[in-house]
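Accompanying notes for the structure given below.
Note that these values count all heavy atoms, side chains included, but never hydrogens, waters or copies made by symmetry. Numbers restart at 1 for each chain; the letters A, B, ... are given by sequence-line order, proteins then strands.
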Number of protein chains: 2
Amino acid sequence: MAYATRALGALGDPTRRIIFERLAKRPRAVGELARGLPISRPAVSQHLAVLKAAGLVTDRADGARRLYRVDLAAIDAIRAWLDQFWDRTLDAFKAEAESH
Amino acid sequence: MAYATRALGALGDPTRRIIFERLAKRPRAVGELARGLPISRPAVSQHLAVLKAAGLVTDRADGARRLYRVDLAAIDAIRAWLDQFWDRTLDAFKAEAESH
DNA sequence: GGGTTGCGTAAGCCATGCCTTACGGTAAGC
DNA sequence: GCTTACCGTAAGGCATGGCTTACGCAACCC
């Protein structure tokens with residue numbers, strides 16, 4: 001749950017959402033990501049550090065490169081968080097309708 | 001889809017997530033929200049404006065007060081966004097496994 | 001081993017964003 | 001009508017965060 005909120009904080013940045021999108025298609029190295037973005041490679045590296053701290057991605061050494069991939073557990077955590085709000089909101093609607 | 005990304009941007013702030021949580025339980029007025037938070041009422045009003053612009057909440061006049069409630073459509077949009085990434089990531093895993 | 005490629009971290013700059021106080025405007029109560 | 005309660009917006013201060021350049025280190029190539 002606090003897992004999900006940290007993930008949402010990380011996905012609040014548009015650049016990190018783009019990085020997250022591209023990693024969802026397939027795992028990539030840092031430089032490969034940077035070449036497709038209008039920011040420097042260290043900037044990408046910093047974004048990846050945030051995503052990693054939020055549990056959204058994992059990294060793995062591949063020679064001199066470092067491959068990042070998305071972590072499905074984080075997606076599931078956010079989904080569970082959302083569903084909880086969905087239920088609460090529906091209950092609130094129902095309670096309000098019955099009070100009339 | 002761009003709907004979902006704007007919603008994620010709005011939910012990136014922890015205070016807005018708290019406000020969103022409380023509105024999910026039941027609709028509330030601005031002052032009522034502010035009394036339960038360590039920030040001023042205008043600050044809450046600004047947060048609500050962001051949430052509203054992101055399509056996460058709707059507002060309705062109630063006399064001198066203004067009631068805010070969460071919009072279920074936004075939650076659904078985010079969920080659809082997440083599911084899309086879930087599928088992509090699964091496909092990437094599968095493709096990688098088959099390449100071995 | 002020298003050179004190249006790939007990466008993380010540090011330091012610093014600068015814009016963005018969140019918060020405050022102050023103000024004006026509308027709706028309810030007496 | 002006057003006062004009170006509730007709210008949105010403006011203006012400004014200040015911290016946070018995202019970006020850059022510079023540096024150091026490890027892994028491949030020839």
Side-chain angles (χ1 to χ4, degrees), chain A residues 2 4-23 25-71 74 96, chain B residues 2 4-23 25-71 74 96:
Chain A
T5 62
R6 273 194 306 171
L8 283 172
L11 287 178
D13 181 74
T15 302
R16 280 196 287 270
R17 285 197 296 271
I18 294 179
I19 293 177
F20 191 68
E21 284 189 27
R22 305 204 174 162
L23 289 181
K25 295 180 184 170
R26 62 179 173 82
R28 295 174 202 257
V30 183
E32 182 184 357
L33 284 169
R35 275 178 230 113
L37 290 170
I39 60 179
S40 69
R41 182 193 53 75
V44 175
S45 202
Q46 289 166 10
H47 280 305
L48 287 170
V50 174
L51 290 172
K52 181 181 175 183
L56 284 164
V57 302
T58 59
D59 60 338
R60 161 173 79 85
D62 174 47
R65 304 190 310 166
R66 181 158 284 267
L67 293 180
Y68 285 81
R69 69 170 66 237
V70 315
D71 189 347
E96 187 186 9
Chain B
T5 61
R6 274 194 306 172
L8 284 171
L11 288 178
D13 182 72
T15 302
R16 279 196 288 271
R17 284 197 296 270
I18 294 178
I19 293 177
F20 191 68
E21 283 188 28
R22 304 205 174 160
L23 290 180
K25 294 180 185 171
R26 61 179 174 81
R28 296 175 202 257
V30 182
E32 181 184 358
L33 284 170
R35 276 179 230 112
L37 290 171
I39 59 178
S40 69
R41 182 194 53 74
V44 174
S45 202
Q46 292 165 7
H47 280 305
L48 287 170
V50 175
L51 290 172
K52 182 181 175 183
L56 284 164
V57 302
T58 59
D59 59 338
R60 159 173 80 85
D62 174 45
R65 303 191 309 166
R66 182 157 283 266
L67 293 180
Y68 285 81
R69 71 170 66 234
V70 317
D71 189 347
E96 187 186 7

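- When distances run from any side-chain atom of B/Ala43 to the nucleotides C/dG6, C/dT20, C/dA27, the shortest one goes to C/dT20.
- Out of D/dC6, C/dC18, C/dG6, the shortest distance to the side chain of B/Arg35 is found at D/dC6.
- Whole-Å rounding puts the A/Arg66 CZ to D/dC25 P distance at 17 Å.
- A straight line from CG of A/Leu11 to C1' of D/dG17 spans 16 Å, rounded to a whole angstrom.
- Atoms CD1 (A/Ile19) and C1' (D/dG18) sit 11 Å apart, rounded to a whole Å.
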- [ ] Run the numbers on B/Ile39 and B/His47 for side-chain contact (heavy atoms from CB on, under 4.5 Å), then give the verdict.
- [x] CA-CA 11 Å; B/Ile39 59 178; B/His47 280 305; 4.0 Å; yes
Task: B/Glu32/B/Arg22 under side-chain contact (heavy atoms from CB on, under 4.5 Å): CA gap, chis, key distance, verdict - done: CA-CA 10 Å; B/Glu32 181 184 358; B/Arg22 304 205 174 160; over 6 Å; no
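- OP1 or OP2 of C/dG8 sits under 4.0 Å from a side-chain N or O of A/Ser45.
- Residue B/Tyr68 places none of its side-chain N or O atoms closer than 4.0 Å to OP1 or OP2 of D/dC6.
- One finds no side-chain N or O of B/Thr15 lying less than 4.0 angstrom from the OP1 or OP2 phosphate oxygen of C/dG17.
- One interatomic measurement links the two molecules: CD1 of B/Ile39 to P of D/dG8, which rounds to 13 Å at whole-angstrom precision.
- When the nearest nucleotides of DNA chain D are assigned to B/Arg65 and A/Asp13 by heavy-atom distance, the more 5′-ward of the two goes with B/Arg65.
- Close to C/dT20, at under 4.0 Å from its OP1 or OP2, lies a side-chain N or O of B/Ser40.
- In this structure, A/Arg60 and A/Thr58 have side chains that are not in contact, with every pair of non-hydrogen atoms separated by 4.5 Å or more.
- If you take CD of A/Glu32 and P of C/dT5, they are 17 Å apart, rounded to a whole angstrom.
- Nucleic acid contact class of B/Ala61 (heavy atoms, under 4.0 Å, all strands): none.
- Each of B/Pro42 and B/Val50 has a nearest nucleotide on DNA chain C; the 5'-most of these lies closest to B/Val50.
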TODO: Start with the C-alpha distance between A/Arg28 and A/Leu23, add both sets of side-chain angles, then the distance that settles side-chain contact (heavy atoms from CB on, under 4.5 Å), and finish with yes or no.
DONE: CA-CA 6 Å; A/Arg28 295 174 202 257; A/Leu23 289 181; 4.0 Å; yes
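- Counting heavy atoms from C-beta outward, A/Leu56 and A/Arg16 have side chains that stay 4.5 Å or more apart.
- Between A/His47 and D/dG17 there is no side-chain N or O to OP1 or OP2 distance below 4.0 Å.
- Place A/Gln46 and A/Gly31 on DNA chain C by their nearest nucleotides, and A/Gly31 ends up nearer the 5' end.
- Nucleic acid contact for A/Ala29: sugar-phosphate only, since backbone atoms but no base atoms lie under 4.0 Å from a heavy atom of the residue.
- Distance, A/Arg28 CZ to C/dG6 P: 16 Å, rounded to whole Å.
- Following rounding to the nearest Å, A/Asp62 (CG) and C/dT5 (P) show an atom-to-atom distance of 18 Å.
- Minimum atom distance to the side chain of A/Ala64 is reached by D/dA27, of the listed D/dC6, C/dC7, D/dA27.
- In this model, the phosphate group of C/dT21 is not approached by any side-chain N or O of B/Arg41 to a distance below 4.0 Å at OP1 or OP2.
- Separating the CZ atom of B/Arg60 from the C1' atom of D/dC6 is a distance of 15 Å, rounded to the nearest angstrom.
- Applying the salt bridge (Lys or Arg N to Asp or Glu O under 4.0 Å) test to pairs two or more places apart or on separate chains, those with a residue in residues 43-59 of chain A are A/Lys52-A/Asp59, A/Asp59-A/Arg66.
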